[in-house]
Amino acid sequence: MNFDDALTWDGELTVTRYDPQTGAFFVVRLHSTQLGPAAGGTRAVQYASLADAIEDAGNLAAAMTLKMAVSDLPMGGGKSVIALPAPRHEIDDTTWARILTLHAENIDKLEGNYFTGPDVNTNSADMDALNDATSFVFGRSTERGGAGSSAHNTALGVFESLKATAAHHQMGNLYGLTILVQGLGAVGGVVADLASKAGARLIVCDTDAQRLAWAEELGHTVIGVDQALCTPCDIFAPCAMGSVIDRRVAAELPTRAVVGAANNILSDGHASTILRERGILYAPDFVTNAGGALHLVGREVLGWDKDTVEQRTRGIGDTLAEVYAIAQTNATTTDQAALTLANRRLGDARSNRSTDR
Ligand code: NAD
Ligand code: PPY
């Protein structure tokens with residue numbers, strides 16, 4: 001086991017558990033409870049090593065802290081990772097049910113300091129199953145009284161971010177722009193749809209042939225997944241997985257802007273500097289993909305109706321414009337500017353607490 005991450009991570013708590021019966025390894029990481037209980041989804045994927053799973057959970061939990069802070073939501077940041085013994089589609093129903101039962105136990109033991117929700121490979125039906133054994137779950141099905149899938153709202157926030165980015169970067173509106181969407185899943189599919197209706201020309205890729213057939217029927221240009229980082233476009237929209245842009249990719253990506261749904265798009269602290277030097281406008285992911293958090297926390301914690309959730313999600317475009325303005329004023333990367341905005345809120349919470357005493 002590599003302990004480097006444990007020694008350098010700046011979060012509050014890491015919980016791990018191994019289940020020999022299924023081979024699943026559970027990681028729950030609470031990065032911050034400063035603004036409220038930590039919240040963030042449960043991701044169930046295979047990892048090359050347990051150390052990778054722990055590190056991924058830590059990076060994702062830290063991003064949740066920033067997402068909640070920039071979105072003005074009264075929650076902290078956390079995330080669960082279930083490192084699976086096989087690809088999700090190869091895991092049978094009985095094994096999956098046991099994995100969810102054990103994970104519900106993990107969450108329940110945290111006694112409300114952490115709320116989970118859907119993430120990669122978990123959905124509202126899985127949240128219903130978790131809810132059989134713990135109440136600290138967002139995103140149950142609407143039939144079970146939950147907020148349901150957050151994907152549509154996440155896509156709406158990404159769409160607003162595309163518009164705000166085009167406007168700021170002298171590209172006008174989306175009409176006639178070429179947008180490359182990597183990943184046509186629950187979020188990327190809707191992003192492509194909204195952008196296409198706004199007059200953009202879509203280039204798309206996915207590993208799933210069914211999704212590509214649907215895209216072709218709609219008249220989008222389909223490319224191979226290995227072409228995603230070398231096909232020229234006006235805006236690159238990563239909506240599949242994170243860590244797609246390291247410093248090498250940043251130096252060559254043939255685009256004018258990056259706006260996506262994926263968490264932790266940049267795998268490397270230096271990538272944002274290189275993008276900036278090349279004049280590529282990067283929309284920080286924890287700002288653009290906050291529509292899911294606004295939906296789940298808005299509906300289930302703050303009692304917002306659908307219109308309020310939509311109005312707040314459309315406001316993501318204004319938050320992004322503020323980030324771009326800070327970056328210009330401070331002559332920093334947009335990533336640094338978004339951190340400044342998030343830390344302002346985290347700092348306000350700290351100073352409010354000390355004046356309360
Ligand atoms: P999803 O699983 O529905 O979609 C992902 C899609 O990407 C699938 O169609 C998959 O086949 C495709 N894909 C996988 N590997 C690929 C590759 N190498 N190249 C191209 N396509 C590939 O997931 P989703 O809910 O649409 O989420 C997409 C991303 O957005 C994830 O990174 C997720 O963490 C992030 N995100 C989602 C939400 C939400 O509300 N769903 C909120 C915040 C962030
Ligand atoms: C994310 O937005 O990345 C999530 O993990 C979804 C989420 C948001 C807020 C609470 C729980 C899950």
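Atoms within each ligand, like the ligands themselves, are counted from 1 in listed order.
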Using only atom types and a distance under 3.5 Å, with no angle test, would you say the side chain of T122 pairs donor to acceptor with the backbone of T42?
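It does hold such a pair.
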Mind checking whether F115 and F138 have parallel, tilted or perpendicular rings, split at 30° and 60°?
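Judged by the thresholds at 30° and 60°, the geometry between F115 and F138 is parallel.
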Parallel, tilted or perpendicular, judged at 30° and 60°: which one describes the rings of H103 and F26?
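Answer is parallel, since the angle falls under 30°.
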Quick one: do [X] and [Y] make a salt bridge, cutoff under 4.0 Å?
{"X": "R29", "Y": "D5", "result": "yes"}
{"X": "D268", "Y": "R247", "result": "yes"}
{"X": "D93", "Y": "R98", "result": "no"}
{"X": "R314", "Y": "E310", "result": "yes"}

Measuring from each atom of ligand 1, which residues have a heavy atom under 4.0 Å away?
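Correct list: R43, D119, V120, S150, A151, T154, Q182, G183, L184, G185, A186, V187, C205, D206, T207, D208, R211, V225, C239, A240, M241, A261, A262, N263, N289.
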Measure from every N or O atom of ligand 2 to the protein's N or O atoms and keep only the pairs below 3.5 Å, writing each with atom names and distance to 0.1 Å.
{"residue": "ligand 2", "atom": "2 (O)", "partner": "K67", "partner atom": "NZ", "Å": "2.8"}
{"residue": "ligand 2", "atom": "3 (O)", "partner": "K67", "partner atom": "NZ", "Å": "2.8"}
{"residue": "ligand 2", "atom": "3 (O)", "partner": "K79", "partner atom": "NZ", "Å": "2.9"}
{"residue": "ligand 2", "atom": "3 (O)", "partner": "N263", "partner atom": "ND2", "Å": "3.2"}
{"residue": "ligand 2", "atom": "5 (O)", "partner": "G41", "partner atom": "N", "Å": "2.8"}
{"residue": "ligand 2", "atom": "5 (O)", "partner": "K79", "partner atom": "NZ", "Å": "2.7"}

According to ring pair (Phe, Tyr, Trp, His ring centres under 6.0 Å), who are the partners of Y47, at least two apart in sequence or on a separate chain?
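Result, ring pair (Phe, Tyr, Trp, His ring centres under 6.0 Å) vs Y47: none returned.
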Summary of ring pair (Phe, Tyr, Trp, His ring centres under 6.0 Å) pairs that have at least one residue in residues 272-317, sequence neighbours excluded
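For residues 272-317: none.
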